[in-house]
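Worksheet: the structure to be examined is printed underneath.
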Amino acid sequence: VQLQASGGGLVQVGDSLRLSCASSGGTFSRYSMGWFRQAPGKEREFVGAMSRSGQSSYYADSVKGRFAISRDNTKNTVYLQMNSLKPEDTAIYYCALRSRASDSNYYIPKRKVDYDSWGQGTLVTVSS
């Protein structure tokens with residue numbers, strides 16, 4: 001399974017941006033999907049994730065209320081809608097998937113080690 005993230009760019013404070021992550025291969029509806037980000041000089045951190053059913057999602061406190069994840073299983077794509085962007089949101093954003101048949105349909109993986117495959121990342125720069 002391959003993941004391709006896109007949609008990054010240079011935006012101003014307060015702007016919105018939507019990232020996409022397309023999956024090729026496998027059965028997308030079976031995957032829990034997550035977003036992480038890595039700012040310069042920092043470790044990769046959890047942003048948010050959605051269960052494979054799409055009925056559960058969870059966000060880091062730093063983005064809660066501003067970011068939202070959605071998925072379109074017909075397009076094998078997960079999205080990260082980012083609103084009210086701040087300079088501290090500047091980072092490379094990565095999507096990841098987890099594929100475990102034993103998972104509950106509502107399970108939301110939150111740790112990097114929980115994921116099986118990663119996309120290449122897309123850069124988001126928020127300028128003040």
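What you see below is based on every heavy atom in this structure, not just the backbone, and it leaves out hydrogens, waters and symmetry mates.
- In the hydrophobic cluster analysis, where Ile, Leu, Val, Met, Phe, Trp and Tyr join through side-chain heavy atoms closer than 4.5 angstrom, M33 is grouped apart from Y107.
- Contact record, P109 with D114: CB-CB, 3.5 Å, taken as the closest heavy-atom pair.
- Ring to ring, F67 and W35 are not that close: their centroids are 6.0 angstrom or more apart.
- No side-chain donor from either of D116 and S99 sits under 3.5 Å from a side-chain acceptor of the other.
- D103 has no carboxylate O lying under 4.0 Å from a charged side-chain N of R100, or vice versa, which leaves the two without a salt bridge.
- Counting all heavy atoms, side chain and backbone alike, S56 lies closest to S53 at N-OG, 4.4 Å.
- Distance alone, capped at 3.5 Å, is enough to place a donor-acceptor pair between the Y31 side chain and the T27 backbone.
- The CG atom of D15 sits 9.5 Å away from the OG atom of S84 when rounded to the nearest 0.5 Å.
- Not a single donor-acceptor pair under 3.5 Å links the side chain of S51 to the backbone N or O of I108.
- Cation-pi geometry between K112 and Y94 is not met at under 6.0 angstrom from the ring centre and within 45 degrees of the axis.
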Are Q2 and W118 close enough, and set up right, to give a side chain to side chain contact (heavy atoms under 4.5 Å, CB included), and what steps lead you there? CA-CA 8 Å; Q2 290 188 326; W118 293 80; over 6 Å; no
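- Residue E88 qualifies as enclosed at atom CD: its count of foreign heavy atoms under 6.0 Å is above 12.
- Hydrophobic clustering (side-chain heavy atoms under 4.5 Å, transitive across Ile, Leu, Val, Met, Phe, Trp, Tyr) keeps V63 apart from Y115.
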Chi angles and distances behind the side-chain hydrogen bond (donor to acceptor under 3.5 Å, both in side chains) call for N73, S29: CA-CA 6 Å; N73 289 346; S29 60; 4.9 Å; no
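- Linking ILVMFWY residues whenever their side-chain heavy atoms come closer than 4.5 Å, directly or via other members, leaves L85 and L123 in distinct clusters.
- For Q120 (side chain) and A5 (main-chain N/O), a donor-acceptor pair under 3.5 Å exists by modelled atom type.
- Linking ILVMFWY residues whenever their side-chain heavy atoms come closer than 4.5 Å, directly or via other members, places M82 and I69 in the same cluster.
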Set out, in order, the CA-CA distance, both residues' side-chain angles and the distance that settles side chain to side chain contact (heavy atoms under 4.5 Å, CB included) for L80 and R18, then state yes or no. CA-CA 6 Å; L80 180 66; R18 189 178 78 159; over 6 Å; no
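- Taking the ring centroids of F46 and Y59, they lie at or beyond the 6.0 Å cut-off.
- A donor-acceptor contact under 3.5 angstrom links the side chains of Y93 and R37, judged on distance only.
- Crowding of R30 atom CZ: a count of heavy atoms from other residues, nucleotides or ligands under 6.0 Å not exceeding 12.
- For the pair I92 and T122, the minimum side-chain heavy-atom distance is 4.5 Å or more.
- Using modelled atom types, one side-chain atom of T90 and one backbone atom of V126 make a donor-acceptor pair closer than 3.5 Å.
- A salt bridge does not link K86 to D89: none of the charged nitrogens lies less than 4.0 Å from a carboxylate oxygen.
- For Q81, the CD atom counts as densely surrounded, since its 6.0 Å shell holds more than 12 non-hydrogen atoms of other residues, nucleotides or ligands.
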As a quick check of understanding, evaluate side chain to side chain contact (heavy atoms under 4.5 Å, CB included) for L10 and S127, giving each step before the final call. CA-CA 7 Å; L10 174 63; S127 174; 4.0 Å; yes
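- Taking both residues in full, the closest heavy atoms of S23 and V1 are given as OG-CG1, 3.5 Å, listed atom of the first, atom of the second, then distance.
- Considering every non-hydrogen atom in both E43 and Q38, the closest pair reads C-CG, 4.0 Å.
- Residue N76 holds its CG atom at 11.0 Å from CG of L97, rounded to the nearest 0.5 Å.
- Figure legend: R71 and F28 shown as a cation-pi pair, the cationic atom lying under 6.0 angstrom from the six-membered ring centre and within 45 degrees of its axis.
- Under the 4.5 Å side-chain heavy-atom criterion for grouping Ile, Leu, Val, Met, Phe, Trp and Tyr, F36 is connected to Y58 within one hydrophobic cluster.
- Atom NZ of K64 has more than 12 heavy atoms from other residues, nucleotides or ligands within 6.0 Å.
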